[in-house]
Amino acid sequence: MLANPSCSSLFKTPCYSRTVTLTLTPSNCPRRLLTRKKSRFRSLLLSSSSHIILPTKTFLGATIRAGAAFQEHQALDSDSDSDCSPHHYSIKIPVGDRHILVETGHIGRQASGAVTVTDGETIVYTSVCMADVPSEPSDFFPLFVNYQERFSAAGRTSGGFFKREGRTKDHEVLICRLIDRPLRPTMLKGFNHETQILSWVLSYDGLHSPDSLAVTAAGIAVALSEVPNSKAVAGVRIGLVGDKYIVNPTSKEMEESELDLLLAGTDNAILMIEGYCNFLPEEKLLQAVEVGQDAVRAICNEVEALVKKCGKPKMLDAIKLPPPELYKHVEEIAGDELVKILQIRNKIPRRKALTSLEEKVLTILTENGYVETDTVSGAAETLPDLFEDEDEDEEVVVDGEVDEGDFHIKPNSRRSTPLGGRRSDGRALDEIRPINSRCGLLPRAHGSALFTRGETQSLAVITLGDRQMAQRIDNLEGADELKRFYLQYSFPPSSVGEVGRIGAPTRREIGHGVLAERALEPVLPSEDDFPYTIRVESTITESNGSSSMASVCGGCLALQDAGVPIKCSIAGIAMGMVLDTQEFGGDGTPLILSDIIGSEDASGDMDFKVAGNEEGITAFQMDIKVGGITLPIMRKALLQARDGRKHILAEMLKCSPPPLKRLSKYAPLIHIMKVKPEKVNAIIGSGGKKVKSIIEETGVEAIDTQDDGIVKITAKDLSSLEKSKAIISNLTMVPTVGDIYRNCEIKSIAPYGVFVEIAPGREGLCHISELTSNWLAKAEDAVKVGDRIDVKLIEVNDKGQLRLSRRVLLPNTEPDSPNVKQQTDSSTKDIVASQKAPGKGSAKKVVNIPKDGLAEKNIEQLGDKISTPNLESAPESNPSEDDAQLPQKKFIRRLVSPARDRPDTNKDKSKGSSKAVSSVSSKDENSLVNGEAKIG
């Protein structure tokens, strides 16, 4: 016990030195103090002395702290220098390669217990408070945990519309569960005061994770408070970098870690582990657990020393247990019949038989005076309880599975009932329930699977999409995280044949979904290999234990049915344990149960979920409902779980009908293009106008661009995808001086020339001096808007602007034509240089673009020797004359292909090769792709 009467010397006026007996009724008792998780035996409010008849909602003889606290508060106000004033205590605890700082007494002094824990510059503040009035006895301890990451801790605000922290985020819910699960088993039975643990991240340095600190801070706060618990609890994270196990690794170290293990426990036992790894063998996981247990033990020993200095006395007098005579009386009434009912294999008949037996017990207890006649209304009160005004975080507990907060209070002793080692459904200890699975049952879904194991069934559905379908996460890191794979788990009350409310996902649903998601994540392909965002929905249609592991199996089959190229199959199994077998007529050796059902989960001592393949583990989660387990027990459970996974994987191979393993015809098409990063803005356009126009014009669903030049096009059909590919290729192509563009439309006319569209969205200027061989007063004298002309690229300036020439392609161009006078000196040199004759052995080509969008290449080898003109004095050569003389002998027709980025300058070609010009058809039937082709 952490209770230490000797420490009361620190408080000259004990905090709760007197009690006041009050009678509370529903009319004068605050509604918030009434519990909302009620036992079916809610009327049996018995003191520890004898048989007393109590009304259902009347509290007699309750220990009220308010009166004494009020009088003590008055005493403190009258004497500000009282010795009862709190003191500031701090202690440094070595953890791994550094220390954590624990401080108490300077923040939250009115709470029952409050601490701040600092690691680096990350600070977590945690408080513990209790209700003044005990709640009605229940199967579950009334513990409520809230964890919040303040954005101010990282010096920022929320990126959403509302700048104040609001509803608990999913990852915060997961940390709430990490805090709750190891603390709950240490709470003493019979203590029914509502207890609330609040935890805030006040400072975050980006290196030291706050989640393991929050678990440790909560354990220390409870140890220092008046809440009676059996042991101090602490938590650590273990990473594995190379062959080195690291305690509380930094975020940088975790980037290289093969393991993410969070472990919590006491100085001598493990209470909770949860983590994810990349097919880690069982032995390496056990070594990590051993390292974590040593670290937790060291922290707990320091906490025990701190409790002796400044811990508050525990409220042991508030513990109220039913008298042993009641247990004996109930066992005499129902013991033998209960054993028979538990052997009923099917859950629904077994549950109905238990309900009938419960009513029988209540009737006999009423006749014997234990319960008043007007309070026997368990069945009638069950339904209204489901619709009481509840807090957002509270859950309706349904039959079939037991999870966080669902640990039944067991009696102190039971009569040993030899059962012969049989389980309630007749299976052996390591036997798996019958498995059946089928894929493709939903024709319009991208992938689907129905996985059934005994009376547990999961319907898994896959939806594939683009980056816009990714889950956006706002966290303390400062940058929004996008999850391209996420699994969402749903547990409707109909899965266990009950009635309940449907609303936002509960904490249990969020936790189970993330566990299954992390189990499947290691087998997914990279985004480069499979650019889809993947959503998995697992709806539990039947439940009798281990539905989260059924979600793993069903999700794996559904991924294969959707055509996701996973690396291997993954299966999950839930293991249970009966620690004290002497209680059931055994020899005392703990029993490990494979593939537990709901009743074994509820009444057992362990729930250990393990997922992976035959070689290693990808995810695991263990909750202990007793004082803790040792490493030998965990080793046995892990090895037995591996055998169970192998059996389940073999059964999954028998799936009928099997997974399709190809993309559904209803799945979107995604094409990835790589463009130069500086060309991305050309695709987006001003304010996103260009990319929106491409989407509207082609009918694609989305175009996603990245700063590194990656462009992803998502479309429902191939035709719209090809259209958008062609437009983007033309927008991002790199024109080369000397390229010829045929049949280009004149888009506008200016006093100094015309703007010609050489490709959709790409225009260049053809100066008035380059329109014809003759002198022009204005461009309208030769062309008009809408005319189509052939042009040649003669210059690309530093800004990427294109200068075109029509004149150089016209026949009968005179070198001494008057239009030469209209040319600028710089343009004349560039034009002459760009038309430098090719060397010996090179070839010249011409591209004609017909109306059908197919490219025709007319290729002719020229003479062996072509003279090179003098760049300064010789008149420029006229390639149009040679073009006109090309014989029409060889035509090559090919389908449209997107253009690739090309260098800005032409490269000299070796002898026997030529520069080829190909075209990409578009709506305007003009485009160009430059490449190389061998001349045969």
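What's counted below: heavy atoms across the whole structure, side chains too, no hydrogens, waters or symmetry copies. The shown structure was predicted, so the numbers you read here are calculated from the model rather than taken from an experiment.
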Which residues pass the side-chain hydrogen bond (donor to acceptor under 3.5 Å, both in side chains) test with Asp260, sequence neighbours left out?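 side-chain hydrogen bond (donor to acceptor under 3.5 Å, both in side chains) list for Asp260, sorted by chain: Arg237.
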Could you tell me which residues satisfy side-chain hydrogen bond (donor to acceptor under 3.5 Å, both in side chains) with Ser538, sequence neighbours excluded, listed by chain and number?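 Counting only residues at least two positions away or on another chain, Ser538 forms a side-chain hydrogen bond (donor to acceptor under 3.5 Å, both in side chains) with Ser458, Ser551.
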With sequence neighbours excluded, what pairs up with Tyr125 under the ring pair (Phe, Tyr, Trp, His ring centres under 6.0 Å) test?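 Tyr125: ring pair (Phe, Tyr, Trp, His ring centres under 6.0 Å) contacts with Trp200.
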Residues forming a ring pair (Phe, Tyr, Trp, His ring centres under 6.0 Å) with His106, sequence neighbours excluded: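 His106: ring pair (Phe, Tyr, Trp, His ring centres under 6.0 Å) contacts with His88.
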Measure up the Tyr489 and Phe491 rings against each other and bin them: parallel (under 30°), tilted (30 to 60°), perpendicular (over 60°).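 Tyr489 vs Phe491 ring planes: parallel.
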Check residues 284-294 and write down every donor-acceptor pair under 3.5 Å in which the side-chain atom is one partner and the other belongs to a residue at least two apart or another chain.
residue: Gln287; atom: OE1; partner: Tyr245; partner atom: OH; Å: 3.3
residue: Asp294; atom: OD1; partner: Arg297; partner atom: NH1; Å: 2.9

Considering residues at least two apart in sequence or located in another chain, which fulfil the side chain to side chain contact (heavy atoms under 4.5 Å, CB included) criterion with [X]?
| X | answer |
| --- | --- |
| Ala111 | Ala114, Ser127, Cys129 |
| Arg535 | Thr463, Met469, Tyr486, Gln488, Glu537 |
| Ala221 | Val115, Thr126, Val128 |
| Ala519 | Val552, Ala611, Thr618, Ala619 |

Sequence-distant partners of [X], salt bridge (Lys or Arg N to Asp or Glu O under 4.0 Å), two or more places apart:
| X | answer |
| --- | --- |
| Glu149 | none |
| Glu517 | Lys483 |
| Arg150 | none |

Do Leu487 and Glu521 have side-chain heavy atoms sitting under 4.5 Å apart?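 Not in contact.
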Given side-chain contact (heavy atoms from CB on, under 4.5 Å), test Thr118 with Ile100 step by step and report yes or no. CA-CA 6 Å; Thr118 304; Ile100 62 173; over 6 Å; no
Does the side chain of Thr122 come under 3.5 Å of the side chain of Asp205 through a donor N or O and an acceptor N or O?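 There is such a pair between these side chains.
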Do any N or O atoms from the side chain of [X] and from the backbone of [Y] form a donor-acceptor pair under 3.5 angstrom?
| X | Y | value |
| --- | --- | --- |
| Thr168 | Val173 | no |
| Thr216 | Gly235 | yes |
| Lys314 | Ser225 | yes |

Salt-bridged, Glu274 to Arg177, with N to O below 4.0 Å?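 Arg177 and Glu274: not salt-bridged.
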